[in-house]
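Basis for what follows: all heavy atoms, side chains included, without hydrogens, waters or symmetry-related copies. Residues take their numbers from the sequence shown, with the count starting at 1.
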Amino acid sequence: MEINILHLYYDLMNLYGESGNVKALMNAFSSQDINTNIDYLSIEDEIDFNKYDLIYIGSSTEENQMVALNDIMKYKDKLYKYINDNKFILCTGNSLELFGSKINDIDALKIFDYKSKYVDKRIVGDYINDTIFNKIIAFQNRGSKLEDNDIPFIEKEIGVNYNNFYGTYLIGPLLVRNPNITEYFVKEIIKLKYKDFDFKNFDFRLEEEARNNYLKNYYE
């Protein structure tokens with residue numbers, strides 16, 4: 001059994017070590033004896049989206065975001081179909097903005113109605129949330145905010161979710177610091193592809209230890 005992942009714009013959109021999210025997924029799939037094939041593709045590469053069980057896009061500078069936006073526009077119809085076929089996309093940082101209607105005053109993919117607006121002062125700092133996935137530990141470093149978001153994920157100003165499209169401003173890397181979220185995504189991706197899969201226990205002892213030490217040292 002295997003899972004195929006596309007790490008899209010791996011070179012342009014990989015601030016803050018966000019590629020660690022892909023490594024976290026690889027380790028979790030491996031714990032279930034599932035092989036993970038990862039393609040690292042970027043601008044001007046030929047892409048067959050039908051090959052992939054998950055598309056991952058990370059965070060970037062505003063300049064690189066515009067380069068990626070210019071390239072991804074040619075895939076609008078294919079990505080719209082991919083999302084409506086209930087395939088998985090995970091976007092962290094400002095990559096979620098690519099799929100909205102506008103980035104500031106620039107047209108984006110318009111697959112969804114939400115838009116992003118630049119803010120005068122960057123939003124920077126830790127983020128702790130107890131209301132979903134038990135507890136989320138993450139970080140934010142962004143220069144924009146969401147508006148008209150009627151498909152919220154975690155919180156309206158934090159992220160978006162429609163079918164199996166998940167986008168969030170939270171970084172960290174998010175999946176490295178939150179094995180509970182990693183387990184959720186891995187289970188849902190596997191169940192979509194392998195209906196009667198017999199799951200093993202996930203071993204997140206090191207991740208949980210790091211998580212608990214962080215909370216103890218900084219938030220207790």
Taking [X] for the side chain and [Y] for the main chain, is one N or O donor matched with an acceptor at less than 3.5 Å?
{"X": "Y9", "Y": "I72", "value": "yes"}
{"X": "N64", "Y": "M66", "value": "no"}
{"X": "R142", "Y": "S144", "value": "yes"}
{"X": "N178", "Y": "I137", "value": "yes"}
{"X": "R177", "Y": "G172", "value": "no"}

[X]: partners by ring-ring contact (aromatic ring centres under 6.0 Å, His included), with sequence neighbours left out:
{"X": "F165", "result": "F99, F112"}
{"X": "F29", "result": "none"}
{"X": "Y118", "result": "none"}
{"X": "Y166", "result": "F153, F185"}

Would you say [atom1] of [X] has more than 12 non-hydrogen atoms from neighbouring residues, nucleotides or ligands within 6.0 angstrom?
{"X": "D113", "atom1": "CG", "value": "no"}
{"X": "E2", "atom1": "CD", "value": "yes"}
{"X": "Y80", "atom1": "OH", "value": "no"}

Salt bridge (charged side-chain N to carboxylate O under 4.0 Å, His left out) filter on K74, not counting sequence neighbours, yields D71
Between K51 and D39, does at least one N-O distance fall below 4.0 Å, as a salt bridge requires?
yes
K23 and E207 ion-paired at < 4.0 Å:
no
If I compare all heavy atoms of L6 with all of F49, which pair ends up nearest, and what's the gap?
CD2-CE2, 4.0 Å
Holding to side chain to side chain contact (heavy atoms under 4.5 Å, CB included), I want the full list of residues that pass it with [X], two or more places apart in sequence or in another chain.
{"X": "K110", "value": "K76, S101, D107"}
{"X": "D11", "value": "S42"}
{"X": "D203", "value": "R205"}
{"X": "N201", "value": "none"}

Which of parallel (below 30°), tilted (30 to 60°) and perpendicular (above 60°) describes Y10 and H7?
perpendicular
Any residue meeting side-chain hydrogen bond (donor to acceptor under 3.5 Å, both in side chains) with K117, in chain and number order, not counting sequence neighbours:
D105
With sequence neighbours excluded, residues passing side-chain hydrogen bond (donor to acceptor under 3.5 Å, both in side chains) with K193
D53
Would you mind listing every salt bridge (Lys or Arg N to Asp or Glu O under 4.0 Å) that reaches into residues 83-97, with sequence neighbours excluded?
K81-D85
Is there a side chain to side chain contact (heavy atoms under 4.5 Å, CB included) between E157 and L146 once you walk through the steps?
CA-CA 6 Å; E157 65 272 21; L146 291 181; 5.6 Å; no
Do the side chains of C91 and Y169 get nearer than 4.5 Å, heavy atoms only?
no
